[in-house]
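Written out below as structure tokens is the structure these notes cover.
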Amino acid sequence: RTMLPAVEVVENTGAHGLSGARNTGIAVAAGDVVVFLDDDAEAEPDWLAELLDAFADPAALGVGGWVEPIWEGGRPAWFPVEFQWVVGCSYRGLPASRAPIRNMIGCNMAFRREVFAQVGGFSTGIGRVGGRPLGCEETELCIRVGQRWPEAVMVHEPAARVRHHVPRHRAGFRYLVARCYAEGLSKALVARSVGSRDGLAAERVYTLRVLPRGVLSGLVSAVARGDPAGLGRAAAIVLGFACTAAGYAAGALRRAGGAEQTRSGTSGGLPPRGDAAEVTTP
């Protein structure tokens with residue numbers, strides 16, 4: 001508070017978890033754009049300017065930037081770049097320059113205020129609560145926005161960069177397995193909320209194009225270059241995909257069996273349309 005006198009800290013008045021906290025922040029902010037930055041991320045000096053510049057396109061309703069990992073203890077040689085989403089960071093397969101994208105990474109993203117006034121906030125039945133490594137609340141919101149405004153776009157702007165701290169305990173196979181399985185569960189919830197066609201469109205491309213190339217690259221690195229970690233990266237990709245698929249299957253079975261329904265984002269703790277608070281960030 002002393003170092004950042006302009007920052008206002010507010011208590012979460014919504015549901016327990018990341019979605020409720022974000023919805024609380026949206027409700028008390030003021031401005032035309034709301035920007036989200038994780039508390040364990042460090043923004044580059046030009047981060048905000050690069051992020052907001054992409055909103056010059058009137059069709060852009062959301063913009064996300066690049067998230068570079070800072071590995072505490074060093075990056076494991078076996079950890080594949082294709083799976084950096086496991087630790088909340090940008091991964092191989094994302095565009096290298098400004099381009100439309102289905103959804104942003106929650107650590108580094110921004111939305112126009114009107115988005116929340118029209119479609120509501122983050123769904124409180126999806127995403128991280130406490131230490132459970134779930135996610136996808138930003139994915140579900142972005143898909144809802146795309147369904148509401150088919151002509152609108154979400155923009156990936158890699159020039160808007162932040163650095164995300166990755167603690168040691170997230171750099172092991174155990175966390176990879178748990179996070180991938182939880183991602184599968186989360187994707188099943190997203191598919192329930194917005195439909196499997198939209199909910200899994202990007203995942204199909206990632207699975208059919210990005211992951212096979214990653215496995216091949218790891219094998220080539222091991223065989224042709226004598227890099228034993230290449231086998232580890234290839235194995236991690238196969239294992240990660242298998243765990244994610246298993247999580248999705250388990251989530252789909254729960255869904256079919258009448259599991260608890262995902263609460264709509266329109267009931268995420270935001271004021272109704274007409275009473276929506278103006279939004280901006282930090």
>> Do the side chains of D57 and R98 get close enough for a salt bridge, i.e. N-O under 4.0 angstrom?
In response: no

> Should L231 and L219 count as side-chain neighbours, where that means a heavy-atom distance under 4.5 Å?
Replying inline: yes

Can you give me every donor-acceptor pair (side chain of residues 86-96, partner residue at least two apart or in another chain, under 3.5 Å) with its distance?
{"unit_1": "S90", "atom_1": "OG", "unit_2": "V67", "atom_2": "N", "d": "2.8"}
{"unit_1": "R92", "atom_1": "NH1", "unit_2": "E82", "atom_2": "OE2", "d": "2.9"}

>> For the CD atom of E114 and the CG atom of D32, what is their distance to the nearest 0.5 Å?
In response: 9.0 Å

> Do the side chain of E157 and the main chain of A159 share a donor and acceptor less than 3.5 angstrom apart?
Replying inline: yes

>> Side-chain heavy atoms nearer than 4.5 Å, only ILVMFWY residues, links allowed to pass through others: does that put V205 and F241 together?
In response: no

> What is the ring orientation for W85 with Y206, classed by angle as parallel under 30°, tilted 30 to 60°, or perpendicular over 60°?
Replying inline: perpendicular

> How close do P212 and T207 get, heavy atom to heavy atom, and via which atoms?
Replying inline: CD-O, 3.1 Å

>> I want to check something: taking the side chain as every heavy atom from C-beta on, are M104 and E138 in contact at a cut-off of under 4.5 Å?
In response: no

>> Restricting to non-hydrogen atoms, name the atom on G64 and the atom on L51 that form the minimum distance, rounded to 0.1 Å.
In response: C-CD1, 4.0 Å

>> Please check this pair: side chain of R112 against backbone of A60, looking for a donor-acceptor N/O pair closer than 3.5 Å.
In response: yes

> Taking all atoms of both residues into account, what is the closest heavy-atom pair of G14 and T24, and its distance?
Replying inline: N-OG1, 3.4 Å

>> Between V28 and E8, does the side chain to side chain contact (heavy atoms under 4.5 Å, CB included) criterion hold? Intermediate values first, please.
In response: CA-CA 10 Å; V28 301; E8 180 181 358; 5.6 Å; no

> What is the minimum heavy-atom distance between R102 and D198, and which atoms define it?
Replying inline: NH1-O, 3.6 Å

>> Would you say that F83 contacts R233 through its side chain, given a criterion of any heavy-atom pair below 4.5 Å between the two side chains?
In response: no

>> Has Q147 got a side-chain atom pairing as donor or acceptor with V194's backbone, closer than 3.5 angstrom?
In response: yes

> What are the two closest non-hydrogen atoms of A160 and N108, and how far apart are they?
Replying inline: O-ND2, 3.0 Å

> Which value, rounded to the nearest 0.5 Å, describes the distance between R174 atom CZ and H169 atom NE2?
Replying inline: 10.5 Å

>> Can you tell me how far apart CD (E42) and CG (L37) are? Round to the nearest 0.5 Å.
In response: 9.5 Å

> Quick one: does S217's side chain have a donor or acceptor within less than 3.5 Å of a partner on R213's backbone?
Replying inline: no

> Should I26 and F111 count as side-chain neighbours, where that means a heavy-atom distance under 4.5 Å?
Replying inline: no

> Given side chains that start at C-beta, do those of V119 and L141 come closer than 4.5 Å, heavy atoms only?
Replying inline: yes

>> Taking side-chain hydrogen bond (donor to acceptor under 3.5 Å, both in side chains) as the definition, give me every residue that meets it alongside Q84, ordered by chain and number, with sequence neighbours left out.
In response: R75

> Which is it for L239 and V177 under the side chain to side chain contact (heavy atoms under 4.5 Å, CB included) test, yes or no, and what are the steps along the way?
Replying inline: CA-CA 8 Å; L239 176 65; V177 169; 3.8 Å; yes

> Taking the inter-plane angle between the rings of H156 and W66 on a 0 to 90° scale, is it parallel (under 30°), tilted (30 to 60°) or perpendicular (over 60°)?
Replying inline: tilted

>> Starting from Y175, can I reach V81 by hopping between I/L/V/M/F/W/Y residues whose side chains sit under 4.5 Å apart?
In response: no

> For L216, what are the other residues in its hydrophobic cluster, where any two members join if their side-chain heavy atoms are less than 4.5 angstrom apart?
Replying inline: V220

>> Please report the interatomic distance CE(M154) to OG1(T139), rounded to the nearest 0.5 Å.
In response: 11.0 Å

>> Checking the side chain of R148 only, and the main-chain atoms of Q118 only, is there a donor and an acceptor separated by less than 3.5 Å?
In response: no

> Checking S193 side chain against L189 main chain: does a donor-acceptor pair fall under 3.5 Å?
Replying inline: no

> Taking atom CZ of R163 and atom CH2 of W47, what is their separation to the nearest 0.5 Å?
Replying inline: 13.5 Å

>> S123 vs E140, test: side-chain hydrogen bond (donor to acceptor under 3.5 Å, both in side chains). Steps then yes/no.
In response: CA-CA 8 Å; S123 293; E140 193 269 350; 3.0 Å; yes

> Measuring from Y181:OH to Y248:OH, what's the distance to the nearest 0.5 Å?
Replying inline: 13.5 Å

>> Please find the pair of heavy atoms, one from T124 and one from S19, that lie closest to each other, and give the distance.
In response: CA-CB, 4.0 Å

> Is there side-chain contact between E44 and E50, with heavy atoms separated by less than 4.5 Å?
Replying inline: no

> Hey, are E72 and R168 close enough for a salt bridge, meaning a charged N less than 4.0 Å from a carboxylate O?
Replying inline: no

